[in-house]
Protein chains: 2
Amino acid sequence: MSNIEHNNNEALADIFKALSNPYRLEIFNRLSSCNVSTDDSSSEHQICECVGSLGKDLDIAHSTVSHHLKELKRAGLIRMVRNGKRTECQVNEATLAMIRAYFQPCCCGKQ
Amino acid sequence: MSNIEHNNNEALADIFKALSNPYRLEIFNRLSSCNVSTDDSSSEHQICECVGSLGKDLDIAHSTVSHHLKELKRAGLIRMVRNGKRTECQVNEATLAMIRAYFQPCCCGKQ
DNA sequence: TTCAATATTCGACATGTTTCGAATATTACA
DNA sequence: TGTAATATTCGAAACATGTCGAATATTGAA
C-alpha cells in the first residue's frame, strides 16, 4: 500500500475528516445506498435525496444537517445541485475511486 | 455500497477520525510502506518502526507522535508492542480489510 | 405579490483536538 | 547501581468542531 502518491496527504486527511463524524458518515451511507443503476457505468451514484430527507430521523437540527452536507461537499465526497426548492445530493464517484485506490494493497511486486 | 452493516457506524467514524489528521495519516503511510513480504499472507504488514523513527522529520514533538500513535491504536488501525527500549508498531490488517470492504461497491446485483 | 416549503447562514456556546515541554516510566547496559 | 536511550503521561494553552435556534435566502405555487 498504496497506489496513491503521499503528497495528497492533506486532501486525503480532509476526506477522512469529513467521514469522521457519525452523523456525516450516516448521511454519506444513505446517499451511497440510493444509487440508481444506469447504462452509464461512470455514474453509479445518481441523484438522490435532498437535505431534508437525508437528515430524517437523525435527531439533529436541520441547520446541522446542512452544515454536515457542506463539509461532505467541501471534501469532494458529494455534489449538490439546487433543483427548485430542494438541493439534490449525489456521491462523487471520482473521490470514491481515489479512496479505494488508496486502500488497495500495493501491486508493485511484493505484497 | 457497501458490504458492511451500517451499525458499525461509530467504529468506522472513529477509524476515519484517526486518519483525519495529516500527521497521523503520514505516520500510518510510513507504517504501511514498511511491510515485509512473508509466506504467511495473513500478516502482510510486519514489524516496523518504533515511535522515534516514525516521527522522524515530522516537525512535531516526540510526545505528540506518541499521542498520535495512541490514537491510531485506539481506532484499531495499528498494533504496538514494547520490545526493549522501543515500541514496535505494525498495521492491523483486519481493520484495513474492514475499511476496504466498506468502500467496495455493493456486489449484490446492480452496481 | 404573498405564502409555504425548503435550505443556508449566522452568532453563540460547549466540547474536543492538537500541541508543547516537563515530568515520569521503562529498559538495556556499562 | 547509575546512566543513557526511548517512550508515555500530564497539564496547559490555542485552536477547531458540532450544535442549536433565529434570521435570512430561494423557489414554486396559490
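This is a predicted model, so every value here is computed, not measured. Atoms considered below: every heavy atom in the structure, side chains included; atoms not considered: hydrogens, waters and symmetry mates.
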request  = List the protein contact pattern of nucleotides 1-7 of chain C with one symbol per nucleotide (5' to 3'): B for base contact, S for sugar-phosphate-only contact, - for none; contact means a heavy-atom distance under 4.0 Å.
outcome  = ----BSB
query = Please give, in whole Å, the distance from C:dG11 P to A:His67 NE2?
reply = 15 Å
inquiry  = Could you check whether any side-chain N or O of B:Asn8 sits under 3.5 Å from a backbone N or O of B:Ala11, counting only pairs where one atom can act as donor and the other as acceptor?
reply    = no
query = What nucleotide, of D:dG18, D:dC20, D:dT9, holds the atom closest to the side chain of B:Ser63?
reply = D:dT9
note = note: B:Leu25, atom CG; C:dT18, atom P; distance rounded to Å ~ 13 Å
query = Do B:Ile99 and B:Leu77 have side-chain heavy atoms sitting under 4.5 Å apart?
reply = yes
ask   = For B:Asp14 and C:dT17, what is the distance between atoms CG and C1' respectively, to the nearest whole Å?
value = 13 Å
CG-OG distance between A:Leu12 and B:Ser20, expressed to the nearest 0.5 angstrom = 12.0 Å
ask   = Any side-chain heavy atom of A:Val91 sitting closer than 4.5 Å to one from A:Phe28?
value = yes
inquiry  = Using whole Å, what does the distance between atom C1' of nucleotide C:dG16 and atom CZ of B:Arg74 come to?
reply    = 12 Å
message = Side chain of A:Ile60 only, heavy atoms from C-beta on: which candidate in D:dG18, C:dT9, D:dT19 is closest?
response = D:dT19
note = In whole angstroms, the gap separating P of C:dT18 from NZ of B:Lys70 amounts to 13 Å
query = Nearest-Å distance, CZ (A:Phe16) to P (C:dT17)?
reply = 18 Å
query = Taking side chain as C-beta onward, heavy atoms only, is B:Arg86 less than 4.5 Å from B:Val51?
reply = no
ask   = Does A:Asn21 make a side-chain N or O approach to OP1 or OP2 of D:dG18 shorter than 4.0 Å?
value = yes
ask   = Should the ring pair A:Phe103 and B:Phe103 be called parallel, tilted or perpendicular, given that the plane angle runs from 0 to 90° and is split at 30 and 60?
value = parallel
query = Between atom CZ in B:Arg24 and atom P in C:dG16, what is the gap in whole Å?
reply = 15 Å
request  = Grab the CD-P distance between B:Glu71 and D:dT9 for me, whole Å please.
outcome  = 12 Å
ask   = OP1 or OP2 of D:dT17 sitting under 4.0 Å from any side-chain N/O of A:His68?
value = no
ask   = Any side-chain N or O of A:Lys17 under 4.0 Å from OP1/OP2 of D:dT17?
value = yes
Donor-acceptor pair between A:Asn29 and B:Tyr102 side chains, under 3.5 angstrom = yes
